Amino acid sequence: MENILAKNYAPKEFEDRLYESWEESGAFGAIVDQDKKPYTIVMPPPNITGQLHMGHAFDHTLQDVLIRWKRMMGYNALWIPGSDHASIATEVKVADKIREEEGKTKEDLGREEFLRRAWEWKDTYGGKITRQIRRLGNSCDWSRERFTMDAGCNAAVTESFVRLYEKGLIYRGNRLINWCPSCGTSLSDAEVEHEEKTGKYYYINYPAVGGGSGIVVATSRPETMFGDTAVAVHPDDERYKDFVGKKVILPIVNIEIPVIADEYPDPEKGTGAVKITPAHDPNDFEVGERHQLGKPTCINLDATMNALAGKYEGLDRYACRKALLKELDEKGYLIKTEDKEIAIGACYRCDTVIEPMLSDQWFVSMHELAEPAIEKALSKELQHIPDRFEKTYLHWLTNIRDWCISRQLWWGHRIPAYYCQDCGEIVVARVAPVICPRCGSSRIKQDEDVLDTWFSSALWPFSTLGWPEKTEDLDYFYPTDVLVTGYDIIFFWVVRMVFSGLEMTGELPFKYVYVHGLVRDAEGRKMSKSLGNGVDPIEVIDQYGADALRFMLMTGVSPGNDLKFQIDKVEASRNFANKLWNASRFVLMTLGDDAEILAAMSLGNLPMAERGLLDEDKWMLSQLNCCVQEITTNLEKFDLSLAAQKIYELIWNTYCDWYIELVKARLYGSDEKDKAVARYNLVIVLKDMLKMLHPFMPFITEEIWSYLPKAVSTISIESNEAQENRKIDFLMRSQWPIYDAALAFPEETSKTELIMDMIRAIRNVRAEAEAAPSKKLKLMILSSGKELAFIQSGERHIKNLANIIEISYIQDKSQLPDEVMSSVISNVELFIPLDDLLDYQAEFERLSRESNKMKVEIQRIQDKLANQGFLAKAPAAIVEEEKAKCSNYEEMLAKISERLTMVGKKLV
RNA sequence: GGGAGCAUAGCUCAGCUGGGAGAGCGCCUGCCUUACAAGCAGGAUGUCAUAGGUUCGAUCCCUAUUGUUCCCACCA
C-alpha cells in the first residue's frame with residue numbers, strides 16, 4: 001500500500017523534504033530561453049539586521065503565488081532572492097552588539113575592524129534569513145541570490161554614481177540637512193518621521209538698539225537663538241515698518257542683529273516677527289540666502305551647544321533650552337509661553353529628534369530625474385495596484401527635493417569620490433586614481449562617507465541581473481514584470497527604482513507595482529519589537545505548516561489593505577489542508593490495483609462522448625472548468641484572495657461535500673465499468689484542483705501529487721486529444737489547467753443540481769421533524785415533465801444521500817397518506833410519510849415560515865414588475881428573468897398554501 | 001494644513017464594471033454515516049455608518065456629515 005498517503009496530515013514530515021528536492025533538482029531555476037516568455041520578479045531584499053517577520057511572509061507569499069502560477073502558465077519564471085546590507089540599521093545593531101559584549105565603541109575598533117565585524121554579522125544573520133525564506137516555500141532561484149554589497153552590486157553603485165556625477169546630477173554642497181545626533185549621520189527627507197507633538201511657543205523680547213521697545217519673536221526652539229542672524233518681518237506689516245533696517249539686541253549674548261523685511265513671515269502668526277537662524281532651520285536658511293546673512297552654527301553634531309552659546313557651551317540642546325528659558329525669564333526677556341502643536345522630525349531608526357544642520361554632503365539633483373518617472377505613471381506605462389497608490393507616488397515625486405545620499409557611517413558603499421590632499425581637487429571615478437589629475441600629487445584620499453542604503457536598493461531590479469554589464473540575463477529578464485511591496489516603502493524604494501531604472505537602463509524596471517498592506521496583530525496594532533506583539537512566522541510554520549500560514553495570508557484580504565493576523569484563521573487554513581489531505585487519501589484508496597488504475601486511466605484516451613461519464617461527473621467537470629476560468633482571471637487581475645477563495649470552495653463544497661458523496665455508491669458498487677469511470681473522473685478532477693491550489697499551498701499539493709499513479713499525470717481532461725505530452729514531474733513544473741468550452745454541460749448540471757436541491761430539502765425536513773439520521777424514510781414525489789425525468793435518473797443519489805429507502809411517484813395528492821411532511825421546490829413536491837414522528841404544530845410552523853418567505857419574495861418582484869419605468873428601461877433579459885421567477889414562486893406558494901391548509905385542519 | 005483608506009452577521013473580513021446580502025470563526029440542534037470530529041447534516045443572525053442626490057433600480061456611482069485609521073507637510 002505504498003501509494004496511499006499517511007493517515008494524518010503532518011506537514012512537518014514533508015515540507016522541508018519537498019523544498020530540498022525542488023531546490024536540488026533545479027526546479028526553481030530559470031534558464032534564458034528565447035522560445036519562452038520571461039516573467040521576472042525581484043524579491044525586495046530583506047535587511048540582514050534581524051529575522052523574517054510576518055510582513056515578509058505576506059510579501060513573499062504574494063510573490064511566490066504569482067511566480068508559481070506564471071511558471072505553470074508556461075512562462076520562464078524567475079524570482080531573484082537577495083538581502084540588503086541596510087547600512088544604518090545594521091551599523092547600529094553591530095555597534096550595539098560590540099558595546100554590549102566588549103564595552104567598546106566602533107571608534108575604539110577602527111573602521112577596518114568594525115567592517116570585519118559587520119561582515120561576520122552579515123554571514124550569521126543573512127544565512128538565518130535565507131533559511132527562513134526557504135521554510136516559507138518560496139520558489140526563488142537561489143543560484144542567482146544577491147546581496148546589495150556583493151561585487152556586482154558594488155560595481156552597479158559606482159557606475160550609477162559616476163554617471164550621475166558626470167551628468168551633473170550628483171553634486172557636493174554645503175546645505176541644510178537632517179542630522180541624527182544619535183546615529184551621527186545625515187539622513188534623507190524620507191528617513192525623517194514627522195510627528196505632531198504638544199510643544200510650546202516662547203515669546204522672547206529682542207530689545208531695540210539704543211533703547212525703546214524691542215521686537216517680540218515667537219519660537220519653539222529658543223536655544224537656537226545663539227545662531228540668529230536677523231529678525232524678519234513682513235514688508236507690509238505696519239507694526240514693524242519703522243524697525244526695518246534698524247538693529248535689535250540678541251539677549252544674553254548682547255549681539256546686534258538687523259531687522260529685515262522678507263515675504264516669509266506671516267503677520268497673522270505669532271507676533272509677525274521671526275527670529276532667523278539660517279544654520280538650524282530650513283526656512284531661515286532660505287531667508288538667510290536672500291539677504292546674504294551669515295550662517296553661524298550653534299549646535300554641535302552630538303546635539304550639545306557650541307561656543308556661540310557662551311556659558312551654555314557643552315550643554316545638551318534641551319538642557320540648554322531649560323536653563324536659557326530660566327535666565328530669559330529672570331531677566332524679563334520671556335514675555336509669555338503658549339501651548340502649541342508642533343511637528344517634530346525624528347530619526348526613523350532611533351527616534352531621536354532630528355537637528356537641521358549645515359553640512360557638506362552629496363546630493364542627487366532630483367527634478368530632472370523625477371520628470372520621466374512622473375510621466376510613466378501618467379501614461380499608465382507604470383501601473384499601481386490598487387491604483388490609488390499612484391497618488392502617493394505622484395505626490396512624492398512632484399514635491400521632491402534633492403536627495404542627500406552621503407552618510408557618516410562605515411557600513412555601506414563608500415562614495416567613489418577622491419580628494420587631493422595637496423590641491424583640493426575632487427575626482428569622482430570608477431577606479432581610484434593613483435595621482436591627482438590636476439597637480440600630480442599621490443596624496444589622494446577617498447571620501448570617508450558611505451552612501452544611503454537606498455541608493456543601492458534603487459538599482460536592485462537591474463544590478464541583480466548584471467548591470468552595468470550587458471549580460472544575457474539583463475537582456476532577457478529585464479525589465480521585470482511586477483514589483484510587490486508594502487505601501488510603507490513606496491517613497492524609500494519604489495520611486496527611486498523607477499527613476500534610477502529609467503536613467504540607467506532607459507526602461508521602466510517593472511510594469512506593475514503591486515502594493516500590499518501591513519500585517520497587524522489581532523488587535524490591529526502594528527507588530528513591533530517594543531510592543532512584543534510580533535508573531536514569528538517560523539513558529540507558526542512549526543505548529544501548522546507553511547501551507548496553512550500561506551493560505552491564511554492569502555485569504556480574506558483585498559489588495560492594498562492591512563491584514564490582521566489571527567491564529568484562528570491559520571487553524572481554519574490548516575483544517576482546509578487536512579480536508580484536502582483526507583479527500584486525496586480517499587481517492588487514492590479507491591483507485592484499486594495497478595490493472596484497475598490502468599483501466600480507469602485508459603478512458604482518458606477516448607473521446608469525451610465515449611468515456612461513459614454520468615451526469616454527476618459532467619456536472620463536476622463543468623464546475624471545475626468554470627473555476628479554471630475564474631481563478632485564472634482573478635490571478636491575472638492580481639485578485640489573489642478571490643482566486644484562493646474559489647479553489648477553497650471548489651475543493652471543499654463542491655468536490656468533497658457533493659461529488660465524492662455522489663460517486664461513492666459507484667465506487668462501492670459492483671459495476672466495473674461504472675467504477676472505472678468514477679475513479680477516472682475523481683482523480684483527474686483532483687489533479688487539476690491540486691494544480692490550481694498549488695501556488696497557494698505548494699507543499700501539500702506537491703506531496704499528494706507525488707502519490708498519484710504515474711498514469712494520472714499524463715492524462716488530460718481536455719476534450720480533444722491534445723494531451724499533455726510529458727513525463728511525470730513536479731507538480732510545480734506542471735501545466736496550468738486550461739478553460740475548455742467543451743466542458744460545459746448545462747443539461748447535466750441542472751439535472752444534478754435539481755437532485756442536490758431535493759436532497760437538501762429532504763434533509764431539512766428530516767432535521768425539522770427530528771427524525772434520526774439513521775432512520776430510513778420513504779419518499780413520494782409529485783412532479784411532471786422534464787423534472788420528473790431528471791429525478792428518475794437521479795433516484796439512487798436521493799436514496800443514498802438523503803437516506804431514503806423507497807421512492808414512489810404519485811399523480812395527485814389524493815394518493816397521500818394523512819401523516820406526511822412536505823417540501824416544495826420548483827415544479828417538484830416532496831412528501832415524506834412520517835407516521836408517529838409527525839409533529840403537526842412544528843410542521844405548521846415550518847410551512848408558515850416557508851410561505852411567508854415566498855410571499856415576501858413575490859411581493860418584491862411584483863412591485864418591480866408593476867413599475868413602468870422598470871419595464872421600459874431595464875434590459876429585457878432582466879425583466880424576463882424577474883417574470884419567470886415570479887411565476888415560479890407563485891406556483892410554489894400555491895403548493896405550500898395547500899399543504900398549510902391541510903396541516904392546519906389536523907391541528908384543530 | 002493637504003491627501004488617502006475604512007465603516008457590511010457577535011468577531012475578522014470578502015463582495016469582480018449597480019439587477020434577489022456572503023465566507024471563516026463563534027453560536028444553536030442532531031450525528032463517532034467504512035476519507036476526514038482538524039469532521040458531517042441542519043439552523044439562527046444584517047434599517048450593508050448617517051442624510052441627500054443620480055437611476056426603472058444603489059451595499060456598489062455622486063455630494064455632504066459623523067466616526068476611525070493612516071500617509072504627507074520647512075510655516076516661526
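These numbers were taken from a predicted model, which means no experiment stands behind them. We use all heavy atoms of the structure for the numbers below, so side chains are in, but hydrogens, waters and symmetry mates are not. We name chains A, B, ... by the order of the sequence lines, and we start the count at 1 in each one.
- Of the side-chain N and O atoms in A:Lys664, none sit less than 4.0 angstrom from OP1 or OP2 of B:U33.
- When only modelled atom types and interatomic distance are considered, A:Thr555 and A:Lys569 share no side-chain donor-acceptor pair under 3.5 Å.
- Regarding contacts with the backbone of B:A41, every side-chain N or O of A:Asn764 stays at 4.0 angstrom or more from both OP1 and OP2.
- A sub-4.0 Å separation between OP1 or OP2 of B:C36 and a side-chain N or O of A:Asn575 is absent.
- Nearest nucleotide to the side chain of A:Asn283, out of B:C70, B:A14, B:C74: B:C74.
- Between A:Lys579 and the phosphate of B:C40, there is a side-chain N or O to OP1/OP2 separation shorter than 4.0 Å.
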Task: Dot-bracket pairing map - RNA chain B, Watson-Crick plus G-U, both contacts under 3.5 Å, | cross-strand - done: (((((((..((((.....[..)))).(((((.......))))).....(((((..]....))))))))))))....
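- Between A:Asn399 and B:G2 there is no side-chain N or O to OP1 or OP2 distance below 4.0 Å.
- Checking A:Gly869 against A:Cys656, the closest nucleotide of RNA chain B that is more toward the 5' end is the one next to A:Cys656.
- Of the candidate nucleotides B:A23, B:G42, B:A35, B:G42 has the atom lying nearest to any side-chain atom of A:Arg760.
- Between the CD1 atom of A:Ile567 and the P atom of B:U12 there is a distance of 17 Å, rounded to whole Å.
- Proximity of A:Trp652 to the phosphate of B:A38: no side-chain N or O atom is located under 4.0 Å from OP1 or OP2.
- For B:A35, one of the phosphate oxygens OP1 or OP2 lies less than 4.0 angstrom from a side-chain nitrogen or oxygen of A:Tyr668.
- In this model, the phosphate group of B:A73 is not approached by any side-chain N or O of A:His395 to a distance below 4.0 Å at OP1 or OP2.
- The base of B:A41 has none of its N or O atoms less than 3.5 Å from a complementary donor or acceptor on the side chain of A:Arg763.
- Residue A:Lys275 has no polar side-chain atom (N or O) positioned under 4.0 Å from OP1 or OP2 of B:A76.
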